[in-house]
Amino acid sequence: MFLLHEYDIFWAFLITSSVIPIFAFLISGVLAPISEGPEKLSSYESGIEPMGDAWLQFRIRYYMFALVFVVFDVETVFLYPWAMSFDVLGVSVFIEALIFVLIPIVGSVYAWRKGALEWS
């Protein structure tokens, strides 16, 4: 029989973990000093007057490398539980994991061949 009182700890944790950040934002909004002025409106507050424009364009190559890193990092996170239970799962799951690994590798090879990962 499905009993709701078994989930009391879960609901208490969920409510507590939702109320604490909201409460922290409210307290910081009330206690934070509000000071407007030319120093606050400048680009930097390090004591040095900024030279030039604050808008800088970054090369897309930085984002490409970061994206490749994130893809393989997330893939590693997903493959770890599979590797821990490899002996129980069987051959079909091995083939699925192989396909799961090959998709980002094929994408990386494609990006490499197109020159997206070159620092020229």
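Transitive grouping of hydrophobic side chains (ILVMFWY, heavy atoms separated by less than 4.5 Å) keeps Phe100 and Val71 in distinct clusters. There is no path of hydrophobic side-chain contacts, each under 4.5 Å, that joins Ile103 to Leu67. Side-chain heavy atoms closer than 4.5 Å link hydrophobic residues (I, L, V, M, F, W, Y) into clusters, and following such links, possibly through other members, connects Val70 to Leu79. Note: the hydrophobic cluster containing Tyr80 does not contain Val77 (ILVMFWY, side chain heavy atoms under 4.5 Å, direct or indirect links).
Counted within 6.0 Å of CD1 on Ile9, heavy atoms from surrounding residues, nucleotides or ligands total 12 or fewer; the atom is thus considered open. Other residues, nucleotides and ligands place no more than 12 heavy atoms under 6.0 Å from the CZ atom of Phe78. Applying the 6.0 Å contact sphere to CZ of Phe13 captures no more than 12 heavy atoms from other residues, nucleotides or ligands.
Considering CD1 of Ile22 and CD1 of Ile27, their distance stands at 12.0 Å, rounded to 0.5 Å. In this structure, Ser28 OG and Phe23 CZ are separated by 11.5 Å, a value rounded to the nearest 0.5 Å. How far CE of Met84 is from CG of Leu89: 11.5 Å, rounded to the nearest 0.5 Å. Taken from CD1 in Ile105 to CG in Leu98, the straight-line distance is 8.5 Å, to the nearest 0.5 Å.
Counting only residues at least two apart or in different chains, side chain to side chain donor-acceptor pair (under 3.5 Å) contacts with residues 89-116 comprise Trp112-Glu118.
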Original post:
side-chain contact (heavy atoms from CB on, under 4.5 Å) between Phe69 and Val74: does it pass, once the steps are laid out?
Top reply: CA-CA 9 Å; Phe69 171 75; Val74 169; over 6 Å; no
Original post:
Between Trp82 and Phe94, is a side-chain contact (heavy atoms from CB on, under 4.5 Å) present by the stated rule, with each step listed?
Top reply: CA-CA 9 Å; Trp82 170 80; Phe94 175 74; 3.8 Å; yes
